[in-house]
Asker: 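Sharing a structure with you now.
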Amino acid sequence: MGAGDILFFLAAAVSIAAAVVAVTDERLLHSVLAFGVFLFAIACAFLIMGAEFVAVAQIFVYVGGVAVLILFGVMLTASRGAQRTVETEHPMWAMVCALVLAGTLIAVAAAYRPATAVQSRAVDVSLLGNALLGPQLVGFELIGLILLASVIAALAVVRREPGR
Amino acid sequence: MMVTLATSVVWAVGLFVVAALSVMLGVYLERKVAGHMQARLGPMRTGPHGIAQTLADTVKLLFKEDLIPGKVDRLGFIVAPLLAFAPALMSLMVIPYARPFVPRDLNAGVLYFLAVPAIGVIAVMVAGLSSANNYSLLGGLRSAAQLISYEIPRSLSVLSVVMLAGSLSTVTILERQTHVWFAVLTPIGFALYIITTIAELNRTPFDLPEAEAELVGGYHTEYSGLRWAFFMMAEYAGFFAASAFGAAVFLGGGNGPLLPPIVWFVIKTYAIILFMMWVKWTVPRFRIDQVMTLSRKVLIPVALLNLAVTAVVMQYV
Amino acid sequence: MLMSQRDAGDLIFILGFALVGVAAPAALLFIGRWLRPSSPGKVKMEPYECGLPQASPPRRLFRIRYYAFALLFVIFDVETVLLFASAPVLKRFGAAGLWSVGAFVALVTLALVYAWRMHLLEWE
Amino acid sequence: MTRFLVLSGLLLAIGAYGVMTRRNAICTLLGLEIMLNAGNLNLIAFSRVSPSPAVGQTFVLFSIGIAACEAAVGLALILAMWRRYRTVDIDKLVSLKE
């Protein structure tokens, strides 16, 4: 039971528990808090896998950005109360679909044998920078475009329509 | 594994004590500096020159009743102060105090230091949201909006240092500063860092959400006793962490002639702290719309320009 | 489980600091439980409204400027992370790297200019 | 390696269950983010076996960026829905039927 194993089980247990609470909790505030814990656990899982910069980037963008955005949504839409936010008419079918999905994914995962051995040395930040500005330059520029497009789209949706 | 866990807990508890002492010293300094600037003496009665004033406050707070009002969301209400204080302590982990005292040198240390206060923003919103009170909700929204709009120029100002140093690890940045400090190479970056840190810590002239005249008590209206104290403790611990980081990254904390590194580090940190206190008692408080638009219309463009200039100069120098 | 010692150490340190950061205040609060009086009177339990009985349940206000600020924050967050990834190696890529990062920053600044011209930065 | 794939499979299923059962639009957004994170976990797991792990990690950075944009636009839709119908309950969005 090396350090990696214990840390992995810790991160896995916390992330699954937090995801379940985030998905099933009645009170919206509790599920958003559980979502925050889930994101932190996923950042720890990234660190276990040696992706240090990605783990910190996850905390910076997801915990600092997306979770804050969702909390803004909760604050602005008065949906804080304990009114029923769960239970479509037939949650059982959703459970069945989820179980089938989980079953197939786990079966495929168990059957997969990676061709090359797993390298455990961490990827240094400058290596990541080289990859980002070198071979992945197209993606780098496209992300800028996507950011611009999403700002224009979001503001168009939210702005009061002058026309009407 | 157990050994590293033990060392990390020892480091964490040690830094918790350092943070608690710096909170006490910070509150004491705040009141003395404010007093002397306004030609009065500040606390004098408890001990010589009121040294024990903050100690007395802490003891009082320990004995004060802290109340959880009725219609409040208990989990959010209890969790919020803990979430507010935890990032202050976690960010102390990556600051290189002096040669031997470096808790942990992360590869992406600078980004970690800028990422962790985001948990503080969540704590502010959860506090506002979970205390069922109009004022704290409004206060929570406003201070969250202020915190997030000043996080961006703050990260961009530190980015210029990363560009110059060529690495994200705080220890490497420190080593690159032995000859010339980064505050000298990117003066705009340093000035931006100081301004945005004042805004990030909700200190005057940016302390709209808790301004007495504005919103009663801001997001921590419903809190009382020790629970309220943790929001104050989080603010002052964050104050110490931000000044220590500024000293280490911009002013080459620890590098200096004659005196040992730890003394140089303390001098530079408290120089920044005193400067921010000086600003607090001289600059009048800004209006809410000035605060909000300043960051987007002025600070972010200036930060981006500063980055562009640094990148170009670095390329051709 | 292959995991470099360095990452394990970093993760243990981060978790250790987070643990103490949450446990220490909680311990202080728990210790304080016996020291503090606890007499929650009816009036004390009411939310604080400068002494007046609560005027109205906390109604929600809807201002899109709050959302516009949060939106721009998230977009610039993503940009900052990508700049942090590319900043250390910018010197190695010379003028070409400068132009590519410049184009990226220009695109996102365009988003800021768009929000500015649509008067969404004002806090009316 | 397979343990991470199993973990991300489970998380994906939990996220899918969340999207399917929750009536509140914000919880659907939450479930979607959980599924995206499960995907990121997979990307990193496979990047460790790929010849150049750094490229795999840039994919995750891009995926985190796109997920942030998606959350922003999704929230814009929710706020527009809230302003128009004064509710975020998805089942009430039936005006197309009329």
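For clarity, every value in this text was computed on a predicted model and none was experimentally measured.
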Asker: Of the backbone (N, CA, C, O) and the side chain (C-beta and beyond), which part of A:Val125 lies under 4.5 Å from a heavy atom of chain B, both, or neither?
Answerer: side chain
Asker: Which atoms of A:Leu33 are under 4.5 Å from chain B, going by heavy atoms: the side chain, the backbone, both sets, or neither?
Answerer: side chain
Asker: Which heavy atom of A:Met75 sits nearest a heavy atom of B:Met125, and at what distance?
Answerer: CE-O, 3.5 Å
Asker: Closest approach of B:Gly76 and A:Leu29, non-hydrogen atoms and distance?
Answerer: CA-CD2, 4.3 Å
Asker: Tell me, side chain or backbone of B:Leu111 under 4.5 Å from chain A's heavy atoms, or both, or neither?
Answerer: both
Asker: Looking at every heavy atom in both A:Phe60 and B:Ala115, which two are closest together, and how far apart are they?
Answerer: CD1-CA, 3.5 Å
Asker: List the atom of B:Ala118, the atom of A:Gly64, and the distance in Å for their closest heavy-atom pair.
Answerer: CB-CA, 3.2 Å
Asker: Which atoms form the tightest heavy-atom contact between B:Ile148 and A:Phe72, and what is the distance?
Answerer: CD1-CE1, 3.7 Å
Asker: Please flag which part of B:Leu106 lies under 4.5 Å from any non-hydrogen atom of chain A: side chain, backbone, both or neither.
Answerer: both
Asker: How many angstroms lie between CD1 in A:Ile59 and CG in B:Leu114, if you round to the nearest 0.5 Å?
Answerer: 12.5 Å
Asker: Of all the heavy-atom pairs spanning A:Glu52 and B:Asn107, show the shortest one and how long it is.
Answerer: OE2-N, 3.0 Å
Asker: What part of B:Ser155 gets closer than 4.5 Å to chain A, counting heavy atoms only: side chain, backbone, both or neither?
Answerer: side chain
Asker: Check each atom of A:Phe40 against the heavy atoms of chain B and say whether the ones under 4.5 Å are side chain, backbone, both or neither.
Answerer: side chain
